[in-house]
Amino acid sequence: MDRPLTEPDIALHLPGKYLILIEAKFTSPNTFYTRGPRKDAGSLTLDELLAIYHDGRLKILDRARASEARRVAYQLWRNTVFAEWMARHDHADTKAYHVNLVRSSYERDTAREFAGLLHDDHQDQFVRLTWERIYELAESVRELGHLRRYLETKTAGLVKAFRV
């Protein structure tokens, strides 16, 4: 069985300045690899994830901390590795960032847990951002009226999706 591929949901790139990969979650949660055997033919063990998605030249993630963790949010791990790897190949001055875009009441613990896997001097390169915060920021920009209206009327399972 082939494993699912990983790709960022959104990428923002200004050559020589920054590369931001965004894992956008709407109704699904971040998922984890935990200690123990593979869950199915398409999964990896936690140790396999850390072995495959590792490059000693990368500095954001702390592999030693992850090796001791009971679980790792694997899309966040892979996309952080991808962001830093791609930024390094763009330009020496390109800084990598990773964003987990979620609804306001979701994924707080996951973000805190994942941030604990970053080296201390790279904590600013991962952030949990909410759709509702984007709405707040868009309120002051008249030209973003369509975006505000979308966020005001978006539903999930016929229930209002965002607290705006």
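Rounding to the nearest 0.5 angstrom, the gap separating the CG atom in Leu19 from the CE atom in Met86 is 5.0 Å. Summarising the geometry, atom CD belonging to Glu23 is positioned 9.5 Å from atom CG belonging to Leu101; distances are rounded to the nearest 0.5 Å. Atoms CD1 and NE2, from Ile52 and His54 in turn, are 12.5 Å apart once rounded to the nearest 0.5 Å. To the nearest 0.5 Å, atoms OG1 (Thr110) and CZ (Arg108) are separated by 11.5 Å. The NE2 atom of His89 lies 11.5 Å from the CD atom of Glu84; values are rounded to the nearest 0.5 Å. Rounded to the nearest 0.5 Å, atoms OG (Ser105) and CD (Glu132) are 7.0 Å apart.
Side-chain contact between Leu147 and Ile134 is present, with at least one heavy-atom pair separated by less than 4.5 Å. A heavy-atom distance below 4.5 Å is found between the side chains of Arg88 and Leu58. The side-chain heavy atoms of Thr27 and Arg103, taken from C-beta on, include a pair separated by under 4.5 Å.
Taking the six-membered ring where the residue is Trp, Phe126 and His98 present tilted rings, their angle falling between 30° and 60°.
A salt bridge does not link Lys17 with Asp90: none of the charged nitrogens is closer than 4.0 Å to a carboxylate oxygen.
The two residues Lys95 and Ala87 come nearest to each other via the heavy atoms C-CB, 4.3 Å. The two residues Ala24 and Ile10 come nearest to each other via the heavy atoms CB-CD1, 4.3 Å. Taking each heavy atom of Gly16 and His91 in turn, the nearest pair found is CA-CB, 3.8 Å. In terms of heavy atoms, Leu46 sits closest to Ala69 at CD2-O, 3.5 Å. When all heavy atoms are compared, the tightest approach of Leu118 to His122 is CD2-O, 3.4 Å. Taking each heavy atom of Thr94 and Pro15 in turn, the nearest pair found is OG1-C, 4.4 Å.
Residues passing the side chain to side chain donor-acceptor pair (under 3.5 Å) test with Asp55 are Arg57, sequence neighbours excluded. Under the salt bridge (charged side-chain N to carboxylate O under 4.0 Å, His left out) criterion, Asp109 pairs with Arg112, not counting sequence neighbours. Arg35 is linked by a salt bridge (charged side-chain N to carboxylate O under 4.0 Å, His left out) to Asp47, counting only residues two or more places apart in sequence or in another chain. The side chain to side chain donor-acceptor pair (under 3.5 Å) test applied to Gln75 returns Lys25, not counting sequence neighbours.
A donor-acceptor pair under 3.5 Å is absent between the side-chain atoms of Glu136 and the main chain of Arg133, judged by distance alone. Arg78 places no side-chain N or O within 3.5 Å of a backbone atom of Pro8 that could act as its donor or acceptor partner.
Hydrophobic clustering (side-chain heavy atoms under 4.5 Å, transitive across Ile, Leu, Val, Met, Phe, Trp, Tyr) keeps Ile22 apart from Leu137. No path of Ile, Leu, Val, Met, Phe, Trp and Tyr side chains, each step under 4.5 Å between heavy atoms, connects Leu117 with Phe32, placing them in separate hydrophobic clusters. Residues Val99 and Trp85 fall into different hydrophobic clusters, defined by Ile, Leu, Val, Met, Phe, Trp and Tyr side chains chained together at heavy-atom separations under 4.5 Å. Following chains of ILVMFWY side-chain contacts shorter than 4.5 Å, one cannot reach Val81 starting from Tyr97, and the two form parts of different hydrophobic clusters. When the side chains of ILVMFWY residues are joined at heavy-atom separations under 4.5 Å, either directly or via intervening members, Val102 and Val127 end up in two distinct hydrophobic clusters.
Between Glu107 and the options Asn30, Asn100, Thr130, a side-chain hydrogen bond (donor to acceptor under 3.5 Å, both in side chains) holds for only Asn30.
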Verdict with supporting geometry, Ser43 and Tyr33, side chain to side chain contact (heavy atoms under 4.5 Å, CB included): CA-CA 8 Å; Ser43 69; Tyr33 286 149; 3.8 Å; yes
Stepwise side chain to side chain contact (heavy atoms under 4.5 Å, CB included) test for Leu61 and His119: CA-CA 6 Å; Leu61 293 168; His119 283 282; 5.7 Å; no
Verdict with supporting geometry, His13 and Ile20, side chain to side chain contact (heavy atoms under 4.5 Å, CB included): CA-CA 6 Å; His13 180 224; Ile20 305 169; over 6 Å; no
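The side-chain hydrogen bond (donor to acceptor under 3.5 Å, both in side chains) pairs that include a residue from residues 148-164 are Tyr135-Glu152, where partners are two or more places apart or lie in different chains. Contacts classified as side-chain hydrogen bond (donor to acceptor under 3.5 Å, both in side chains) and involving residues 62-74 (residues at least two apart or in different chains) are given here: Thr31-Tyr74, Asp62-Arg65, Arg65-Asp120, Arg71-Glu113.
The aromatic ring centroids of Phe26 and Phe162 lie less than 6.0 Å from each other.
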